[in-house]
Amino acid sequence: MADETPTPAAETAEIPRAAAEAAEIRRRRLRLLTLGEILAVAALVISGLTFWNSYEERRHAEADKVASSTKESRTARTLVLSGKADKDGDRLTLTALGGQSIQGQTIAFPAALDLSPIDSSDPRIERRWIESALVDALKAAGEKTKAGGDARLPVAITTHFYVDDTLVDDVALYDVGYTTSSSFLGGTDVKLKGLSLIGHTTAAAAQKRIDATWSARHKAPAK
């Protein structure tokens, strides 16, 4: 019967093989550990990017919402009036083009007309408010009271209206379009035609600006 006891040479050969196998096992474990770590880091990075993208989207959405709200508020505060001639030119009915609810107005006229400002809770301009004073001012400036086309009267209109439950004022200069006609016995009649915006201004500057506009258009005759 053969002796199966390993020889010293065989035992010596088994040692490097075992060491190599052990090293291979360690390398495999190391690779598995490294791969697991890489996957964990990748998952963490993806999670971080997802959170950042979500944060950025919320931030931009909030910024857009604030910008939109600011724009809407700014738009609501910008008042532009239109005037519709009623009663055969006896009256201009005023409305806000932006749909704002007008609570009241104060209308100031050039000093040449010698008229006090008129307060009204019903947005309008009446022919009877200005006719006599306008005709006298035109005559004082040496102008004919009958001319072709529409003439223009500068006025300052302060409008009170609400924006976001806050009562605010808009001060603007407008031209009141009108025509005049006269007869030998009937005197001079004024018919109101419409309203056009000249520009927005401040309460402190409004009167000076309409006076300057009137003076530029109506030069008093030299004496």
**Request:** Applying side chain to side chain contact (heavy atoms under 4.5 Å, CB included), run through Leu153 and Asp175 and close with a yes or a no.
**Result:** CA-CA 5 Å; Leu153 170 66; Asp175 270 329; 6.0 Å; no
**Request:** Show the numbers, then the answer: is there a side chain to side chain contact (heavy atoms under 4.5 Å, CB included) between His218 and Leu138?
**Result:** CA-CA 8 Å; His218 307 280; Leu138 291 173; 3.7 Å; yes
**Request:** Begin from the C-alpha positions of Gln103 and Tyr162 and carry the test side chain to side chain contact (heavy atoms under 4.5 Å, CB included) through to its verdict.
**Result:** CA-CA 8 Å; Gln103 303 302 304; Tyr162 277 101; 3.7 Å; yes
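In this structure, His160 NE2 and Leu167 CG are separated by 7.5 Å, a value rounded to the nearest 0.5 Å. The structure places CD1 of Ile157 at 10.5 Å from OG of Ser120, a figure rounded to the nearest 0.5 Å. Annotation: the span from Ile118 atom CD1 to Thr106 atom OG1 amounts to 10.0 Å, rounded to 0.5 Å. A distance of 8.5 Å separates CD1 of Ile107 from CZ of Arg124, quoted to the nearest 0.5 Å. In this structure, the separation between CG on Leu115 and CG on Leu134 is 9.0 Å, given to the nearest 0.5 Å. Between the CH2 atom of Trp129 and the CG atom of Leu92 there is a distance of 10.0 Å, given to the nearest 0.5 Å.
Note on Val176: it clusters hydrophobically with Leu113, by side-chain heavy-atom contacts below 4.5 Å among ILVMFWY residues. By the criterion of side-chain heavy atoms lying less than 4.5 angstrom apart, applied directly or through intervening Ile, Leu, Val, Met, Phe, Trp or Tyr residues, Leu173 is not grouped with Phe161; the two fall into different hydrophobic clusters. Hydrophobic clustering keeps Ile198 apart from Phe109 (ILVMFWY residues linked when any side-chain heavy atoms are closer than 4.5 Å, directly or through intermediates). Using a 4.5 Å cut-off between side-chain heavy atoms of Ile, Leu, Val, Met, Phe, Trp and Tyr, with links allowed through other members, Val171 and Val163 fall into different hydrophobic clusters. Under the 4.5 Å side-chain heavy-atom criterion for ILVMFWY residues, a single connected hydrophobic cluster contains both Leu192 and Val155.
The environment of CG in Asp86 is crowded: more than 12 heavy-atom neighbours from other residues, nucleotides or ligands sit within 6.0 Å.
Closest heavy-atom contact between Leu195 and Gly83: CB-N, 3.7 Å. Among all heavy-atom pairs drawn from Gln207 and Ala111, the shortest one is NE2-N, 3.7 Å. In terms of heavy atoms, Ala206 sits closest to Ala156 at CB-CB, 3.9 Å. Residues Leu79 and Ala96 come closest through the heavy atom pair CD1-CB, 3.5 Å.
Two residues are said to be in side-chain contact when any heavy atoms from C-beta on lie closer than 4.5 Å; Arg217 and Pro154 meet this criterion. Arg91 is not listed as a side-chain neighbour of Ile125, based on a closest heavy-atom distance of 4.5 Å or more.
Between the side chains of Thr213 and Arg209, not a single donor N or O lies within less than 3.5 Å of an accepting N or O. For the residue pair Thr158/Asp169, the side-chain donor-acceptor check at 3.5 Å is not satisfied. Residues Gln105 and Thr159 bring a donor and an acceptor atom of their side chains to less than 3.5 Å of each other.
A salt bridge does not link Asp150 to Lys191: none of the charged side-chain nitrogens sits closer than 4.0 Å to a carboxylate oxygen.
Between the side chain of Tyr174 and the main chain of Leu81, a donor-acceptor pair closer than 3.5 Å is present.
The side chain to side chain donor-acceptor pair (under 3.5 Å) search around Arg127 returns Asp90, Glu131, not counting sequence neighbours.
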